[in-house]
Amino acid sequence: MTEPDDVGEWIRRFQSGDPTAFAEIFRRYRRDVARLVFRMLGPSADAEDVIQEVFIQVHRSLGDFRGQSKFTTWLHRVTVNAVLMARRAARSRPVFAGEPSVELEIDRGMLPDEDAARARRIDAFRRVLERLPEKKRVVYVLHELEGIAPTEIAEIVGAPVLTVRTRLFYARREIEAMMRAEPALAQLAAELAEGGADKADGAGPEAAHARVSVGGAAVRYPAADGSAVDAEDM
């Protein structure tokens with residue numbers, strides 16, 4: 001999420017009782033919130049309800065916003081909390097095995113077999129993400145898919161920066177291992193491993209990165225560096 005220069009003015013107008021200001025905030029951030037919800041929640045009938053809940057919470061709480069953090073950091077925090085609440089509620093409801101995935105928008109630039117392969121990669125990667133423990137999955141999505149720095153993620157999830165980096169380290173390692181077990185992702189896992197080998201050989205920072213395209217989201221991260229983490233709160 002980017003933060004336009006005039007978001008502070010929208011907030012001030014809202015806090016002064018201008019009803020049109022919230023419409024501006026909703027218009028500007030609805031797509032960003034929806035993207036994060038879908039990335040964290042996956043294909044779910046609850047996604048639209050969660051998006052609405054995020055903006056209900058924003059409307060209720062924005063009057064008390066005093067700018068102690070960036071507005072986008074605060075909005076990420078509200079969104080993450082709404083998604084986690086929805087996931088916990090969903091675990092208490094019965095589900096039907098074999099539910100179909102949501103329909104994927106067809107990429108007109110792809111051949112049919114390429115689009116089918118893309119769909120398989122997306123489904124496989126979602127399965128991998130679902131198997132990550134909750135805390136690791138949250139920081140992984142925020143950092144690798146949303147591009148948020150660990151320092152800001154620490155504010156969003158209310159954890160020390162070192163803890164965020166620790167969770168990222170183990171999330172990356174677990175993701176890479178699970179990808180190797182998914183036929184649709186095995187080649188991508190090999191590319192990630194090759195990036196790590198390049199780093200070990202001193203081939204430079206760019207060689208130490210792998211770029212994984214999953215339904216338009218690029219997962220790009222350096223080979224795991226165990227010296228950057230500790231065992232706290234994995």
Side-chain angles (χ1 to χ4, degrees), residues 1-4 7 11 22 25-93 102 122 125-172 174-175 214-221 229 232-234:
M1 299 182 193
T2 57
E3 188 150 329
V7 67
I11 294 170
F22 186 77
I25 292 171
F26 178 84
R27 180 190 60 78
R28 171 60 185 82
Y29 288 105
R30 198 272 178 196
R31 181 184 293 272
D32 293 333
V33 167
R35 183 187 64 243
L36 179 55
V37 168
F38 281 113
R39 284 177 171 175
M40 290 189 65
L41 203 57
S44 168
D46 294 334
E48 285 297 332
D49 290 341
V50 174
I51 295 166
Q52 291 184 36
E53 179 61 26
V54 168
F55 284 101
I56 288 171
Q57 293 298 327
V58 170
H59 193 275
R60 287 175 179 167
S61 304
L62 192 57
D64 297 324
F65 182 76
R66 295 293 178 264
Q68 292 92 339
S69 63
K70 291 195 305 182
F71 174 73
T72 48
T73 301
W74 180 76
L75 183 57
H76 273 108
R77 187 183 308 127
V78 173
T79 305
V80 168
N81 288 338
V83 169
L84 294 181
M85 288 179 63
R87 289 180 65 91
R88 289 162 189 162
R91 284 197 289 267
S92 66
R93 299 197 301 266
V102 293
I122 292 171
F125 196 72
R126 283 174 175 156
R127 287 194 298 271
V128 166
L129 280 179
E130 280 296 309
R131 291 165 60 190
L132 272 183
E134 186 173 271
K135 291 179 179 179
K136 297 175 189 173
R137 184 175 60 250
V138 168
V139 298
Y140 185 89
V141 170
L142 290 174
H143 188 271
E144 306 297 350
L145 303 186
E146 291 291 304
I148 302 173
T151 51
E152 187 172 352
I153 295 173
E155 289 188 61
I156 293 168
V157 302
V161 176
L162 181 58
T163 297
V164 169
R165 294 185 184 279
T166 299
R167 292 174 187 172
L168 277 171
F169 170 78
Y170 286 103
R172 289 164 174 168
E174 291 173 31
I175 285 276
V214 183
V219 180
R220 183 176 184 271
Y221 57 84
V229 304
E232 180 188 2
D233 198 14
M234 292 188 295

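Fair warning: this is a prediction, and the values are worked out from it, not measured in the lab. For the numbers below, each heavy atom of this structure counts, side chains included, while hydrogens, waters and symmetry mates do not.
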Report the C-alpha separation of Arg167 and Val157 in whole Å, then their side-chain angles, then the decisive distance to 0.1 Å, and conclude whether the side-chain contact (heavy atoms from CB on, under 4.5 Å) test is met.
CA-CA 12 Å; Arg167 292 174 187 172; Val157 302; 4.3 Å; yes
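By the side-chain contact (heavy atoms from CB on, under 4.5 Å) test, Thr151 is found to be paired with Ala149, Val161, residues two or more places apart in sequence or in another chain being considered. Under the side-chain hydrogen bond (donor to acceptor under 3.5 Å, both in side chains) criterion, Arg127 pairs with Glu182, not counting sequence neighbours. Residues forming a side-chain contact (heavy atoms from CB on, under 4.5 Å) with Glu174 (at least two apart in sequence, or on another chain): Leu132, Pro133, Lys136, Tyr170, Met178. By the side-chain hydrogen bond (donor to acceptor under 3.5 Å, both in side chains) test, Arg27 is found to be paired with Glu24, residues two or more places apart in sequence or in another chain being considered. Under the salt bridge (charged side-chain N to carboxylate O under 4.0 Å, His left out) criterion, Glu152 pairs with Lys70, sequence neighbours left out. Checked against side-chain hydrogen bond (donor to acceptor under 3.5 Å, both in side chains), Arg31 has no partners two or more places apart in sequence or in another chain. Glu130 pairs by the side-chain hydrogen bond (donor to acceptor under 3.5 Å, both in side chains) definition with Arg87, not counting sequence neighbours. Under the rule for a ring pair (Phe, Tyr, Trp, His ring centres under 6.0 Å), the partners of Phe22 that lie at least two apart in sequence or sit in another chain are Phe14, His59.
Side-chain contact between Pro150 and Leu168: present, with at least one pair of heavy atoms (C-beta onward) separated by less than 4.5 Å. Between Asp32 and Thr72 there is no side-chain heavy-atom pair separated by less than 4.5 Å. Residues Val80 and Leu142 have side chains in contact (heavy-atom distance under 4.5 Å, counting atoms from C-beta outward). For the pair Leu84/Val138, a side-chain contact is recorded, criterion being any heavy-atom separation below 4.5 Å from C-beta on. Glu155 is listed as a side-chain neighbour of Arg77, based on a closest heavy-atom distance under 4.5 Å. Using a 4.5 Å cut-off on side-chain heavy atoms (C-beta onward), Thr73 and Ile148 make no contact. Two residues are said to be in side-chain contact when any heavy atoms from C-beta on lie closer than 4.5 Å; Leu62 and Phe71 meet this criterion.
Summarising the geometry of Ala154 relative to Pro160, their closest heavy-atom pair is CB-C, 4.1 Å, with the distance given to 0.1 Å. Nearest heavy-atom pair, Val50 versus Ala86, reported as atom, atom and distance to 0.1 Å: CG2-CB, 3.5 Å.
For the atom pair CG of Leu36 and OH of Tyr29, the computed distance is 14.0 Å after rounding to the nearest 0.5 Å. Thr166 contributes atom OG1, which lies 12.0 Å from atom NZ of Lys135 (distance to the nearest 0.5 angstrom). Note that the CD1 atom of Ile156 and the NE2 atom of His143 stand 11.5 Å from one another [nearest 0.5 Å]. How far CZ of Arg172 is from CD1 of Ile175: 11.0 Å, rounded to the nearest 0.5 Å.
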Would you give me the side-chain donor-acceptor pairs under 3.5 Å for residues 51-58, sequence neighbours excluded?
residue: Glu53; atom: OE2; partner: Gln57; partner atom: NE2; Å: 2.6

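Of the charged side-chain nitrogens involved, none lies within less than 4.0 Å of a carboxylate oxygen, so that Glu144 and Arg39 do not count as a salt-bridged pair.
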